[in-house]
Amino acid sequence: MPSNSVRQKILVDIAADPNSSAVPFAGKTSDLKSLFGNHTFNTEVQKERLPEKVFESLQNTIQNSKQLDPGIAETVAKAMCAWALEHGATHFTHWFQPMTGSTAEKHDCFVIPAGPGAAIAKFSGSELVRGEPDASSFPSGGLRATFEARGYTAWDPSSPAFIFRHKNGATLVIPTLFVSWTGEALDMRTPLLRSMAALEQQSLRVLKLFGNKKAKHVYPTVGAEQEYFLIDRRLAALRPDLQVTGRTLFGAKPPKGQELEDNYFGSIPERVIGFMTELEYEAILLGIPVRTRHNEVAPAQFEVAPLFEPANLAVDHQMLLMQLLRNIAVRHGFYCLLHEKPFAGINGSGKHTNWSMMTDEGENLLDPGDTPHENAQFLFFTSAVLRAVHQYGDLLRMSVSGANNDHRLGANEAPPAIMSVFLGGALDEVFHKLAEGTAAAAKKQDPIEIGVSILPPLKRHSEDRNRTSPFAFTGNKFEFRAVGSSQNVARSTTVLNTIVAESLDYMAGLLEEALKSKKDFNAAVHDIVCKTIKEHQAVLFNGNCYSDEWKKEAKKRGLPNLITTAECLPLINSKKTVDLMTKYKVFSKIEADSRHEIYAENYIKTIRIEAESAIEIAETMILPAVLKYKTVLTSAATTKLQKELIHGLDGLIDTLIEQLAKLKKLAVSVPEESVQETAEYYCGKVIPAMTALRKTADELETAADDALWPMPTYTELLFAR
């Protein structure tokens, strides 16, 4: 082992004791049931600590979306402060989700001076309800000038406050909205809540037509499965690309990757299970309903999956879970990678978002049910979802766009960029029969007449899974598989809520018109469902979505195939999008324009950072290493074959130098007339140049002396754990 090889020393240390850099976990997981939500100011805590009338008023605000009574804010703040202090909190923060895609917080101390040598703990109602942070450094997309720094955070009572612990204390965290001085949404939570209101309004309208007068609320539910990679923190520290971009910009494919299919659901390494145990403990305290943990397909890749929750709460918990993953990984000597494609040639990471609709009575509107009434209602709502995906598939694709996710979508591991719907064998047959107007049941079942006789029995998992489909029905919900692992699910959920609300609005209008003309209810529902399925069945596909045949077939069907983010960006503030979003009060025109600006700038900056990092690594690490290796070979070569080896190496080095020069030139020749033009330039020019540079560098990695290679290899990163 070369004495100067830091990475070799780290590998020896890992082999001797993989847990050498881990911090011991002091928590107890023997009774997770009693620990669930212990660090949240939940309904149980509110009932215990608030006067009865105040509690009822707050619950009315939370459950019925009523405006908060300003008169109760002081009492709630006092109780929340006392509870937080008992949990060791010293500060409070308004926690929000700006357009950066992550979260933001500014901490204020509870303790304030109260005269000479004295201090008191104080937290007022006004401090609870509203904050005024400096918003100048957050993306606004032109909503305000830089010198107009004022923004407001507004308490969202529907998501409970919680205690976030750190090594030396704790903080009371209050989930909030974030808006500009003039009221425009500067965050991801505000549009999400607006979309939930739109979906609720149209869902209740449909339910009333079906005779349900009891349901007062309908809300979307979300359960977002989270995939991630864990690599040794010491090795990650030797990879500048991982530190700066979150993915490897260089790296030759290892001899063994996932070809043997031995990692998926395999035995979880002891070091990793220790990490997972602490992760689940912290998540349970925060009320995050984590349920599943397992090895994923790629080596060093894992997954944690929660149960379903109301969409806004699920989004909060998803953002918290990503923060916990990163924080707790450090304690165990790991580096957690949430990038969609951290390793080339190895499966990337997604965030399968399971989505459905639930009433306040506990009825899942996407559950087939057992009665004619439920079947008709189920078909109506499911047809609306089908129509939404077909009508607005381009917007759904746009909602998961981003420089990171472009590496994943369309590859042989993830859903393609073409939005299609998988229903499964039995249900797919029912839908195709209805589209044909035959109203015949699946095999060996009685004929179907919606609302008169029941559907064929549809078990929750009566069909095989189709892992290639981007939008799949999985028994009583749809699984949107195109969401990226690092993305805030609020963005895609907002779009999904809104497009389904529009479909329900349209179909409810048809049903109301039919009933006004005295048409029989069952016949009207039957006709509308059949018509909807027939008009939108082009989006149904149960086959292999990875195949070239499907791409050709999808084109014939008129389904968009938006492969890159640069292609998706114009959709954000297109007339189609603006008309939809303004109709349901999710976005204004100016808010849509701002988001186009923000997402385009983020795309541009991401690729620019990657290009500059690639140039720096190639110039200061890879090129010196291979030149040094060439010098060693040249001094030792004595035969013709040995000299031919050097000649081949010379060719690769020259190619690397030429490609490096080309990338550098492209990086300084960026057009800046508009963000869209710049995004297209980076997509069409810079990314291909980076790809070419990487290909040559990876060839050199397999040819050079391992002891001279300046960075940990894929084999070391993926298997040293």
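Listed by chain and number, the residues in a salt bridge (Lys or Arg N to Asp or Glu O under 4.0 Å) with Lys583 are Asp505 (sequence neighbours excluded). Annotation: side-chain contact (heavy atoms from CB on, under 4.5 Å) contacts of Lys214 (sequence neighbours excluded): Asn212, Glu361. Not a single side chain to side chain donor-acceptor pair (under 3.5 Å) links Ser57 to another residue, sequence neighbours left out. Listed by chain and number, the residues in a side chain to side chain donor-acceptor pair (under 3.5 Å) with Asn573 are Asp593 (sequence neighbours excluded). Residues that satisfy the side chain to side chain donor-acceptor pair (under 3.5 Å) test with Gln46, not counting sequence neighbours, are Gln59. Taking Lys213 as the reference, nothing meets the side chain to side chain donor-acceptor pair (under 3.5 Å) condition, with sequence neighbours excluded. Residues forming a side-chain contact (heavy atoms from CB on, under 4.5 Å) with Thr176 (at least two apart in sequence, or on another chain): His94, Phe96, Thr153, Ile174. Residues that satisfy the salt bridge (Lys or Arg N to Asp or Glu O under 4.0 Å) test with Asp69, not counting sequence neighbours, are absent from this structure. With sequence neighbours left out, Arg165 forms a salt bridge (Lys or Arg N to Asp or Glu O under 4.0 Å) with Glu282. Looking at residues two or more places apart in sequence or on another chain, you find no salt bridge (Lys or Arg N to Asp or Glu O under 4.0 Å) involving Asp187.
The side-chain heavy atoms of Phe480 and Ser399, taken from C-beta on, include a pair separated by under 4.5 Å. Put simply, the side chain of Tyr228 does not reach to within 4.5 Å of the side chain of Leu337, judged on heavy atoms. Side-chain atoms of Pro98 and Leu186, non-hydrogen and from C-beta on, never get closer than 4.5 Å to each other. With a 4.5 Å cut-off on side-chain heavy atoms, His390 and Met419 do not count as touching. Here the side chains of Leu58 and Leu50 are in contact, with some heavy-atom distance below 4.5 Å. Looking at Leu379 and Ile533, their side chains never come closer than 4.5 Å, going by heavy atoms from C-beta outward. For the pair Ile528/Phe380, a side-chain contact is recorded, criterion being any heavy-atom separation below 4.5 Å from C-beta on. The shortest side-chain heavy-atom distance between Glu225 and Asn354 falls under the 4.5 Å cut-off.
Considering Glu340, His339, Lys341 in turn, Glu340 is the only one that fulfils the side chain to side chain contact (heavy atoms under 4.5 Å, CB included) rule with Asn405. With Phe308 as the partner, the side chain to side chain contact (heavy atoms under 4.5 Å, CB included) test is satisfied by one option alone out of Val222, Thr221, Asn364: Thr221. A side chain to side chain contact (heavy atoms under 4.5 Å, CB included) with Leu192 is found for one member of Asn497, Val586, Thr498 and no other, namely Asn497. For the side-chain hydrogen bond (donor to acceptor under 3.5 Å, both in side chains) test with Asn312, the passing option among Ser158, Ser195, Ser159 is Ser158; the others fail.
A donor-acceptor contact shorter than 3.5 Å is absent between the side chain of Glu303 and the backbone of His294. Looking only at distances, no side-chain donor or acceptor of Thr493 sits under 3.5 Å from a matching main-chain atom of Ala490. Within the 3.5 Å criterion, the main-chain N or O of Ala198 finds no donor-acceptor partner in the side chain of Gln201. Looking only at distances, a side-chain donor or acceptor of Thr577 sits under 3.5 Å from a matching main-chain atom of Leu571. Looking only at distances, no side-chain donor or acceptor of His87 sits under 3.5 Å from a matching main-chain atom of Ala89. In this structure, Asn476 contributes its side chain and Leu366 its backbone to no donor-acceptor pair below 3.5 Å.
Two rings, from Trp83 and Phe41, have their centers less than 6.0 Å apart.
Between Arg189 and Asp316 a salt bridge is recorded (basic side-chain N to carboxylate O distance below 4.0 Å). Under 4.0 Å is where a charged nitrogen must lie from a carboxylate oxygen, and between Arg205 and Glu512 at least one such pair does.
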Show me the donor-acceptor pairs, under 3.5 Å and distance only, between side chains in residues 318-327 and residues at least two apart or in other chains.
{"unit_1": "Gln318", "atom_1": "OE1", "unit_2": "Lys351", "atom_2": "NZ", "d": "2.8"}
{"unit_1": "Gln318", "atom_1": "NE2", "unit_2": "Gln226", "atom_2": "OE1", "d": "3.1"}

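The neighbour count for Lys216 NZ, taken as heavy atoms of other residues, nucleotides or ligands under 6.0 Å away, does not exceed 12.
Screening residues 489-502 for salt bridge (Lys or Arg N to Asp or Glu O under 4.0 Å), with sequence neighbours left out, gives Arg387-Glu502.
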